[in-house]
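Report on one structure; see the data block that follows.
This structure is a prediction, so every number in the text was calculated from the model and none was measured.
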Amino acid sequence: MSSTRTTLRTTGVAIRAMLVLTLVLGVGYTLLVTGIGQLLLPWQANGSPLADEKGSSLIGQSFTDADGNALPQYFQSRPSAAGDGYDGTSSGGSNLGPENPDLITAIQERKTAIAEREGVDPSQVPADAVTASASGLDPHISVAYALLQVPRVAEARGLPEQEVRDLVESRIQGRDLGFLGEERINAAELNLALDDREGE
């Protein structure tokens, strides 16, 4: 009988401890961290949304028509191997090695298509224009790739080329901590800035 009482008491203590810990750690801690995030870093806590609320500045987007053709009035992002392209639920690279024939063929095809679209020699097409990032979601393009696209975007929008170039240069993000990585431009934010400028 005392063994049964001990077992019941121990079970009761375990259940009460589980309920208290669930409330404190599962509910209380979550509310505390969410509250701190909303108070101190609301933009980041809410997913770093773009100004138009149609995406996140952390996830790249495609600027193509229904057939997958580049929209001439927009700066194009780098290729994406995430699902059907920039699919946040399928993050990942192509996992193809540098000697893989399929990857080499894809890069050559992209390079030829971009050179034709931008009216330049294939040798002028930057590497990030033809290769996907490791996550397949990188929203950034190199400064070189952005500047390569300036003439086309300016012509498509009927804007002076220098005005578009100035906008590109004003959107350059420096290296992390001043020395990590390369200078880059968020393509989605750049295109949004262009749309806002035309709407003024």
>> Tell me whether Ser77 contacts the main-chain N or O of Ser62 through its side chain, where contact means a donor paired with an acceptor under 3.5 Å.
In response: no
>> With rounding to the nearest 0.5 angstrom, report the CG to CD distance, Asp176 to Glu182.
In response: 11.0 Å
>> Strictly distance-based, threshold 3.5 Å: is any side-chain N or O of Ser91 a donor or acceptor partner for the main-chain N or O of Ser135?
In response: yes
>> What I want to check is whether the side chains of Ser57 and Asn186 have a donor and an acceptor closer together than 3.5 Å.
In response: no
> Do you know the tightest heavy-atom contact between Leu190 and Ile185?
Replying inline: CD2-CG2, 3.9 Å
>> Testing the basics here: between Leu177 and Leu180, what is the closest heavy-atom pair and its distance to 0.1 Å?
In response: CD1-CD1, 3.9 Å
>> Rounded at 0.5 Å granularity, tell me how far CZ in Arg110 sits from OG1 in Thr105.
In response: 11.0 Å
>> Using the ring-ring contact (aromatic ring centres under 6.0 Å, His included) criterion, which residues pair with Tyr29? Sequence neighbours excluded.
In response: none
> Minimum heavy-atom separation for Val125 to Leu148, with atom names?
Replying inline: CA-CD2, 4.4 Å
> Sequence neighbours excluded, which residues qualify as ring-ring contact (aromatic ring centres under 6.0 Å, His included) partners of Tyr145?
Replying inline: none
> With no hydrogens and no angle check, is any side-chain donor or acceptor of Asn191 less than 3.5 Å from a backbone partner on Ala187?
Replying inline: yes
> Does any N or O in the side chain of Gln124 come within less than 3.5 Å of the main-chain N or O of Ala115, such that one atom is a donor and the other an acceptor?
Replying inline: no
>> Just checking Glu99: does its CD atom have more than 12 heavy atoms from other residues, nucleotides or ligands closer to it than 6.0 angstrom?
In response: no
> What heavy-atom pair brings Gln73 and Arg152 nearest, and what distance separates the two atoms?
Replying inline: N-NH1, 4.5 Å
> Honestly, is Arg157 close enough over Tyr74, meaning NZ or CZ under 6.0 Å from the six-membered ring centre and within 45° of the axis?
Replying inline: yes
> Any ion pair linking Arg165 and Glu161 (charged N to carboxylate O, less than 4.0 Å)?
Replying inline: yes
>> If you compare all heavy atoms of Asp128 against all heavy atoms of Ile141, which two are closest, and at what distance to 0.1 Å?
In response: OD2-CA, 3.5 Å
>> Applying side chain to side chain contact (heavy atoms under 4.5 Å, CB included) to Phe75 and Gln149, what does each step give before you reach the verdict?
In response: CA-CA 6 Å; Phe75 285 89; Gln149 299 181 68; 3.6 Å; yes
>> Side-chain heavy atoms nearer than 4.5 Å, only ILVMFWY residues, links allowed to pass through others: does that put Val164 and Val143 together?
In response: yes
>> Using a 6.0 Å cut-off, check whether atom CD of Glu163 has over 12 heavy atoms from anything other than its own residue.
In response: yes
> What are the two closest non-hydrogen atoms of Ala127 and Thr131, and how far apart are they?
Replying inline: O-OG1, 2.8 Å
